[in-house]
Structure formats: C-alpha cells, structure tokens
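Comments concern the structure below.
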Number of protein chains: 2
Amino acid sequence: MLLRRLESIATLSDEEREAIQRLPINVRVLKAGQDIVRDGERPSQSCLLVEGWAFRYKLIHEGRRQILSFHVPGDLPDLQSLHIHTMDHNLATLTNATVAFIPHDGLRELTRHFPDVAAILWRETLVDAGVFREWMTGMGRRSAYERLAHLFCELYLKLQAVGLADEHRCPLPMTQSDLGDALGLSNVHVNRTLQEMRGKGLITLRGNALIIERWNELLRACEFDPTYLHLEKRAAG
Amino acid sequence: MLLRRLESIATLSDEEREAIQRLPINVRVLKAGQDIVRDGERPSQSCLLVEGWAFRYKLIHEGRRQILSFHVPGDLPDLQSLHIHTMDHNLATLTNATVAFIPHDGLRELTRHFPDVAAILWRETLVDAGVFREWMTGMGRRSAYERLAHLFCELYLKLQAVGLADEHRCPLPMTQSDLGDALGLSNVHVNRTLQEMRGKGLITLRGNALIIERWNELLRACEFDPTYLHLEKRAAG
DNA sequence: CGGACAATTGATCTACCTCAAAATTGGTGG
DNA sequence: CCACCAATTTTGAGGTAGATCAATTGTCCG
C-alpha cells in the first residue's frame, strides 16, 4: 500500500522498492472515533492509513474543536511526527479503519539511505501544508456556502485519485457537526447551507453518500482550483 | 545566516558546514511590498530572509486576500518550492528586506549528500505547517480578540528567538488591514479590537512598535501554548 | 422495538461586516 | 523646518451571516 502510494508519485528503483518492503510494519484495525495519537504525545512511529477515514483536530476551551484535515487510504496523516517530536494536535479515526504503524527508526534509516524516497515523503508533508493553506483561506475569506462547496470538491478529487470515487459520487462518512468543526461553522448553519445547496440542485447527500449533480457549477460556486492538491503526477487507482 | 539558523536547531559537522557555505547564493535588497514569487510560478530557487519582514498570501475573488504567514530574518519562507514545483500562493516583502536566493539544484545536491541537513530543512517546513494548523484553529474557533492576542504572542516569541525582541517589546511593521487579512477580519474590526485590548492595558501599540504590558494576561486571554512553534532547541541570537 | 445519535426547524441574538467620512500620522520635497 | 500628500487609523451608523438554544423529527442498528 505504501509502495503503491509512493509509486503513484514517482518511479522507484528496485533497491528502493525492496527497502520499503522491508520496513517493519504493525497493522491494526481500529473502531470509528478512536484517537490514534494525542496532542502532547511523543510518538515513536507514524502511520499509513490503509482503509477507512481519519481526521486530525485540535481542542480548545469549552470543548471547541477544530478539524484540521480529513484523510483517506494511502495518506500518511502523522508523518510530521518523524521530525517534530511533540504532537501539537490529535489524530483519530472517523470510520472503522485499518492502520499500518511504521517505526520512526525504520523511516529514518530509509530516508538516510535513499534521499529520493526522503524527497517523496517530504513532498507528502508539503502537500499537506498546501491543503492547510487552502483551508485557512476558506475560513478567513470565504462564505459558508463556498467553504462547503470547496470541501466537497477537494474530497471528491482526493478520493478519485485513489480510486474510491467516480462519476461524481463519493462516500462522505462525516456528520454535519464534523463538517462544521472542519469549516469553522455551527452544525445548524451547515445544515441550512446544505439545504440551500441541495435546493439549487448542485448536490444530493443521503446517508453517507455524496452525489455532485453539477460539477461545473460547484467548481464555479467556490472558484475551485485544484492546483493546491498537487495531484498531477499521481495516477488514479 | 543560513548556517546560524540551522545551527540553532542542531549541531552540524565540519563537512556539512562547509557544504552549506559553498552553496551559491544571490543576495538582493528589495523594497517593501514587492512580490518575491507569485502564485502559479515554478521557481528554480528558494530564498532565505536575511533582513526585514516578508509574508505569504493568497488572493481570491473581489480582491479578497488571505495572509498565510509572516516571516522574520532566518526564515526560509518558500522552501516548499523545492519539492512542490508550482507555487499555490504568493510571497512578498512586508518591509524593505534583504533576501538571499539559493538555487534548488544546490539545495537538492546538499540534501542528497547530507541527510541530516535534509532532515533539518524538512523539519523547518513541518514547523511551518504547524503554524498553519494553529492559525486555522484560530480562524475557525477563536474570537477576534483571541486571534489578535494569539498572533502577538506568536510574533513576539518568533522575534525573541532570533534576537529581534526583548523585554516584551517588538517591532510590528504591518498595518491593521494586514492584520485583518491575516486573521480573517475587517480592518475596522481589528481597529476596534485593538482599542479594547489597549483599554484593558494589555498592550501598547504605537508606530511600528508593540509593547506587551501584561504578558501573562495576554497569554491567558488566548490560551497561548507555544508548543506548536517548536522553538525548544533553538538558541536565541 | 427502543435507544442513541444525527438531521432539521424555529426563534432570537450578536460578533463582525460594509460603507463612508473624519482625524491622524509619517514621509517628502521645497 | 514647514507644508503637503498619501497612507493609515479612527469613528459612526446600519446591516447580515452565522451563532446559540431548545425542541422535534428522522434514521440506523442491535
């Protein structure tokens, strides 16, 4: 899985491929809503999300929560802990999930010997930061409607890139409160904004499935520009 | 300067130090308000801010602007372009500034031969992302007053870490509109919030100088926790 | 079938926005 | 050193996107 993801970004040599496959891995199956790493901890491993969804979040006073990112299979959601030793946020499962833990020692060894692999991993963390920048821009300068539309575009493309979405349909396993915490809105306002979006016929949202009925209009509504996802080199599947 | 910054984070070997000093560098003096790199460009170099301030920003419809970060001497504000080839935002000077440009070729060569140096640079970009996460949290879940207080704490500590601030005083060369664009607020509301903060005797702000009159209260007002800046290992000066 | 959780609705409130004008400041050239 | 210009800061008035609180309804699942 890790291999698959990395190879979708760049070509690896046999030697590199082999070294990656030799990484000690500890696979675990987790229930939905479980913390994987917590704020303040100093983990000695990072994880690869193999199946299911995860999200990162911060807590502040009075139970206020800010969701920082959503993650899908293939993501390395806490790779930053390889070089930033103290966690400054939490990582948790959103759905039931399969997670592969990789010790930092092994990763450090790998990156020491294979600078090209290091560059790919480094790049992953940089794309991550690019998504943060885009979210910041949304929270600072976009309306609720635009933010929601933007998030749907982003998630659809991310899922499509790993073969989990197609034909403008994708799973969307989070609650409206989760969406609110991700976009800096109240759950009530998310609900009303979704109704507006449905009313305009842009989307259908039932159960945990999102259908984007009018992709082009959705893009236009939020001025979506996918550059920041830096998916160019990544093959679908 | 680059050396000084890197050594403040970790110890370098003689060999590493030498290689860094051999990097070809192109120093330029820029006026305030000039773009250094623009959204959509594919730069072949990154820069080190030697003197003055810089900031990164995105533009969306109707001239709306989101400032993503402020940078002070010692920062490498566009290091991400080393591995993410297309810029997804702009970088500009806030004040007159001296900037040293370092070609990507040289940096890639350096990181290829010295994995420890690569790790330090990687870490820099990860701290950058940590600051984005904190700002996101502020924009999503903190009040205008808290956001402003939080930004002041952050900037003061960043400046102190490089010896540009002391005794709870520091330069603050941005306008209230800049602050607004950084925090997702209107300039008018920034103004009123600053008045409130001054009224409570927490700060003095005149010209381009910020004096934090009651550090502890300012910290408390925004629940500031400096962990996310990951300044631990960095020596002042 | 019941219990828990999520979505929806209604009513009210407020933090922050917009627009526009006035006051202040800082830099510049004479 | 002063006068002037442009850029900022400050003030006022009014408006609104989105928050909060509190039900009510719907849905899923064991």
Side-chain angles (χ1 to χ4, degrees), chain A residues 31-34 53 55 60-67 94-96 138-151 171-199 203-210 221-222, chain B residues 31-34 53 60-67 93-96 138-151 171-199 203-210 221-222:
Chain A
K31 293 254 172 62
Q34 269 193 279
W53 291 59
F55 68 104
I60 59 171
H61 57 82
E62 290 154 36
R64 280 166 192 267
R65 180 177 70 152
Q66 177 65 45
I67 291 182
L94 182 65
T95 65
N96 293 337
M139 301 221 288
R141 293 292 178 227
R142 279 196 257 260
S143 69
Y145 191 87
E146 293 168 329
R147 277 181 248 181
L148 222 22
H150 206 279
L151 180 59
L172 200 80
M174 63 280 277
T175 67
Q176 295 181 1
S177 291
D178 293 335
L179 289 173
D181 284 344
L183 300 174
L185 301 168
S186 70
N187 58 346
V188 175
H189 198 61
V190 168
N191 183 278
R192 292 183 168 132
T193 308
L194 285 175
Q195 287 179 47
E196 190 190 342
M197 206 177 274
R198 282 191 278 233
I203 61 161
T204 303
L205 186 53
R206 269 208 341 276
N208 288 338
L210 168 70
C222 59
Chain B
K31 293 252 171 65
Q34 270 192 276
W53 290 60
I60 59 171
H61 57 83
E62 291 155 35
R64 279 168 191 268
R65 181 177 70 155
Q66 177 65 46
I67 291 181
T93 55
L94 183 64
T95 65
N96 293 336
M139 301 221 288
R141 293 293 176 223
R142 279 195 258 261
S143 68
Y145 191 88
E146 293 167 330
R147 277 182 248 181
L148 222 21
H150 206 278
L151 180 59
L172 201 79
M174 63 281 276
T175 67
Q176 294 180 3
S177 291
D178 293 335
L179 289 173
D181 284 345
L183 300 173
L185 301 168
S186 69
N187 57 344
V188 174
H189 198 61
V190 168
N191 184 276
R192 291 186 168 128
T193 308
L194 284 175
Q195 286 178 49
E196 189 188 343
M197 207 177 273
R198 280 190 281 235
I203 60 162
T204 303
L205 185 53
R206 270 210 338 279
N208 288 337
L210 169 69
C222 58

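Every chain is numbered from 1, with letters handed out A, B, ... down the list of sequences.
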Axis-to-axis angle for the helix from dC1(C)-dG30(D) to dG30(C)-dC1(D), ends of five pairs each, to 10°, equals 50°
Between Asn187(B) and Arg192(B), the residue closer to the 5' end of DNA chain D by nearest nucleotide is Asn187(B)
Residues passing the ring-ring contact (aromatic ring centres under 6.0 Å, His included) test with Phe55(A), sequence neighbours excluded, are Tyr57(A)
Identify each donor-acceptor pair in which a side-chain atom of residues 203-210 of chain A lies under 3.5 Å from a protein atom, sequence neighbours left out, and give them as a table.
unit_1	atom_1	unit_2	atom_2	d
Thr204(A)	OG1	Glu213(A)	OE2	2.4

Heavy-atom closest pair (Met197(A) atom, Tyr145(A) atom, distance to 0.1 Å) is CE-O, 3.7 Å
With a non-hydrogen cut-off below 4.0 angstrom, is Ser143(A) in contact with a base, only sugar-phosphate, or nothing? sugar-phosphate
Exercise for the section: Tell me what Thr175(A) touches on the nucleic acid: a base, only sugar-phosphate, or nothing, going by heavy atoms under 4.0 Å. Expected result: sugar-phosphate
Taking any heavy-atom pair under 4.0 Å as a contact, classify Leu185(A): base, sugar-phosphate, or nothing. sugar-phosphate
For Gln176(B), the side chain to side chain contact (heavy atoms under 4.5 Å, CB included) test, sequence neighbours excluded, returns Val190(B), Asn191(B), Leu194(B)
Self-check item: Gln66(A) (side chain) donor-acceptor with Gly138(B) (main chain) under 3.5 angstrom
Solution: no
Practice task
May I ask you to say what Gly184(B) touches in the nucleic acid, namely base, sugar-phosphate or nothing, with a heavy-atom cut-off under 4.0 Å?
Solution key: sugar-phosphate
5'-most to 3'-most nt of DNA chain C touching chain A (<4.0 Å, heavy-atom partner on protein side) reads dA6(C) to dA11(C)
Side chain to side chain contact (heavy atoms under 4.5 Å, CB included) filter on Val188(A), not counting sequence neighbours, yields Ser186(A), Arg192(A)
side-chain hydrogen bond (donor to acceptor under 3.5 Å, both in side chains) filter on Glu196(B), not counting sequence neighbours, yields none
Quick note, salt bridge (charged side-chain N to carboxylate O under 4.0 Å, His left out) partners involving residues 172-186 of chain A, not counting sequence neighbours, are Arg65(A)-Asp178(A), Arg65(A)-Asp181(A), Asp181(A)-Arg141(B)
Applying side chain to side chain contact (heavy atoms under 4.5 Å, CB included) to Ala144(A) and not counting sequence neighbours gives Leu185(A), His189(A), Thr193(A)
Residues passing the side chain to side chain contact (heavy atoms under 4.5 Å, CB included) test with Asn96(A), sequence neighbours excluded, are Lys31(A), Ala32(A)
ask   = Base, sugar-phosphate, or nothing: which does Arg64(A) touch, judged by heavy atoms less than 4.0 Å apart?
value = sugar-phosphate
Using atom types as modelled and distance alone, determine if a side-chain donor or acceptor of Ser177(A) lies under 3.5 Å from a backbone N or O of Asn187(A). no
Outer limits of DNA chain D sitting under 4.0 Å from a non-hydrogen atom of chain B, read 5' to 3', are dT8(D) to dA13(D)
Open item on the list: What contact category does Arg198(A) fall into here, base, sugar-phosphate, or nothing, at under 4.0 angstrom with non-hydrogen atoms?
Closed with: sugar-phosphate
